[in-house]
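Single-structure report; data block below.
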Protein chains: 2
Amino acid sequence: MSSTTRDKMIAGAADLLSRRGVHATSLRTVVQHTGTPRGSLGHHFPGGKQQLLEEAVRHAAESVAVPLETLMKERGAVEGLQAFVGWWRRILESSGFEAGCPVLAVAVEPMADDEDAASGEHLRGLAHEAFERWEAILSAALRREGVAAGRAQRLGALTVAAIEGTVAMCRAARSTRALDDVQLELKTMLMAATAR
Amino acid sequence: MSSTTRDKMIAGAADLLSRRGVHATSLRTVVQHTGTPRGSLGHHFPGGKQQLLEEAVRHAAESVAVPLETLMKERGAVEGLQAFVGWWRRILESSGFEAGCPVLAVAVEPMADDEDAASGEHLRGLAHEAFERWEAILSAALRREGVAAGRAQRLGALTVAAIEGTVAMCRAARSTRALDDVQLELKTMLMAATAR
DNA sequence: GTCTATACGAAGATAGAC
DNA sequence: GTCTATCTTCGTATAGAC
């Protein structure tokens, strides 16, 4: 089934994106790391690297949104976020602080020809959609626990921003110290906000 | 004076770093954007691109730390941070959301041969030092206003992470909405922490 | 110190064989 | 569908002329 090859390429691209960034994620390294056939690239992604990375960002956005939403619904905002941070901690540690967030990579390192088409097919636009979706999941969870809409949205934005920033800082430091610090303060903040 | 050429190259490299990332910051584009002589590259930076980027990261770390420390001392933690966020908002808006943070770029997009030398001359290590310095400035300001050492450090980490993450998100969104949200919640949080 | 020319490698895209 | 080969472009690094 070629669908497996395609999916492996997308997942591999997302992983490389998170580790090395956009430019260092070459089509060659993607097929090398995934063990997928070279000649399939043109077939599955006629749009070339741009298309592959678009799918990779979509995939990454989903693979964060799904567990995030599950945790929020099963454990509530405060406990769910603790678990979500723990999920990131595991990614950092198990990769030796090599892996990070593919969406952040795309946001920070725009591709050369990002100014071509018209609608939201740009990588930057896709990164924006991912961030907004994660914010929305968090703010919905907070609203469910009685936080006013405006504040819930702001806290969602702060939480996403803090985690993205912290993951990058932890990679630079090769340590989870910053994540521990941020986790505790985020918990304090959300507990105060949801207290009735 | 050749020192001017050298400084222009460093500042230009830092700017390009913040806009396009590490790999897209080529030595060619640096001399193009700064209008500096090509042949001087080898003289001022015998270590090649690696050395130029190291100096650029050091320069960027400094150009954030100095105004941050000044604002903290002149206006205190809460008001100073408001002004600091305003400084970032101006950078985003005046660049059409093209510019960002050079240090974050280096943290997210490690260079290919980052595993060579022994000590802290790596770009990743320099990014780490920059983050830690900014954290320290913030936590020192908070301690000056009566916040306990441990909490001051955690709040410093959260603040740096939140601003770094938010700047990246604003670039993706081409909007300062997230920065406005985060600014307000950060202010609320710091006011509560410093209240006696 | 400044600049040009060149060497070398790597990446993306494409065409065509199996 | 899969793979190879090639074209073109771009980046770094180096050597040597002014």
Side-chain angles (χ1 to χ4, degrees), chain A residues 1-10 12-17 19-57 102 105-106 109-117 121-123, chain B residues 1-10 12-17 19-57 102 105-106 109-117 121-123:
Chain A
M1 184 74 123
S2 68
S3 170
T4 301
T5 292
R6 205 183 123 94
D7 291 347
K8 267 198 268 192
M9 285 172 168
I10 292 172
D15 182 53
L16 281 166
L17 226 40
R19 292 170 185 263
R20 313 188 185 178
V22 174
H23 279 82
T25 297
S26 69
L27 300 178
R28 280 177 172 79
T29 48
V30 170
V31 300
Q32 277 175 7
H33 273 72
T34 54
T36 43
R38 303 198 144 212
S40 309
L41 270 172
H43 266 255
H44 292 305
F45 309 97
K49 182 178 185 175
Q50 176 86 18
Q51 187 189 349
L52 173 59
L53 293 196
E54 282 169 11
E55 310 252 28
V57 171
V106 163
E109 188 195 358
M111 275 228 309
D113 48 339
D114 204 25
E115 324 293 343
D116 46 353
E121 290 299 280
H122 310 309
L123 287 173
Chain B
M1 184 76 127
S2 70
S3 171
T4 302
T5 291
R6 206 183 122 94
D7 291 347
K8 267 199 267 192
M9 286 173 167
I10 292 171
D15 183 53
L16 282 166
L17 226 40
R19 293 170 185 262
R20 313 189 186 177
V22 174
H23 280 81
T25 298
S26 68
L27 299 178
R28 274 178 174 78
T29 49
V30 169
V31 299
Q32 277 176 5
H33 272 72
T34 54
T36 44
R38 304 198 143 211
S40 309
L41 270 172
H43 267 254
H44 293 304
F45 309 96
K49 183 177 183 173
Q50 177 87 16
Q51 187 189 350
L52 172 59
L53 293 196
E54 281 169 12
E55 309 254 27
V57 171
V106 164
E109 188 194 358
M111 272 227 315
D113 48 339
D114 203 25
E115 324 293 345
D116 45 352
E121 290 297 280
H122 311 309
L123 287 173

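Chain letters run A, B, ... following the sequence lines, proteins first, then strands; residues in each count from 1.
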Exercise. Quick one: B:Leu52 CG to D:dG11 P, roughly how many Å, whole number?
Worked result: 15 Å
Exercise. For A:Leu16 and C:dA11, what is the distance between atoms CG and C1' respectively, to the nearest whole Å?
Worked result: 15 Å
Exercise. Do the side chains of A:Leu123 and A:Gln50 get nearer than 4.5 Å, heavy atoms only?
Worked result: yes
Problem set entry | Contact check, side chains of B:Leu53 and B:Met111, non-hydrogen atoms, under 4.5 Å | yes
For this session: Report yes if the side chains of B:His44 and B:Thr5 come closer than 4.5 Å at any heavy-atom pair, otherwise no.
Result: yes
Seminar exercise, completed: Whole-Å distance, B:Arg6 CZ to C:dT2 P, equals 13 Å
Problem set entry | Between C1' of D:dA13 and CD of B:Gln50, the distance in whole Å | 14 Å
Exercise. Would you say a side-chain N or O of B:Ser40 is under 4.0 Å from OP1 or OP2 of C:dG1?
Worked result: no
Exercise. What nucleotide among C:dG12, C:dT2, D:dT4 has an atom nearest to a side-chain atom of A:Ser26?
Worked result: C:dG12
Exercise. Just how far, in rounded Å, is P of D:dC10 from NE2 of B:His23?
Worked result: 17 Å
Exercise. Does a side-chain heavy-atom distance below 4.5 Å link B:Val57 with B:Leu17?
Worked result: yes
Exercise. From the list D:dT2, C:dT2, C:dA13, which nucleotide is the closest neighbour of the side chain of A:Leu27?
Worked result: C:dA13
Problem set entry | Protein-nucleotide distance (A:Arg38, atom CZ; C:dA10, atom C1'), rounded to Å | 12 Å
For this session: Would you indicate whether the side-chain heavy atoms of B:Leu16 and B:Thr29 approach each other to under 4.5 Å?
Result: yes
Problem set entry | Interatomic distance, A:Leu41 CG vs D:dT4 C1' [rounded to whole Å] | 14 Å
For this session: Find which nucleotide of DNA chain D each of A:Pro37 and A:Arg28 is nearest to by heavy atoms, and output the residue with the more 5' nucleotide.
Result: A:Pro37
For this session: Using whole Å, report how far CD of B:Gln51 lies from C1' of D:dA13.
Result: 14 Å
Seminar exercise, completed: Comparing A:His43 with B:Gly48, nearest DNA chain D nucleotide closer to 5' gives the residue A:His43
Problem set entry | Selection from D:dC3, C:dG12, C:dT4 that lies nearest to any side-chain heavy atom of A:Lys49 | C:dG12
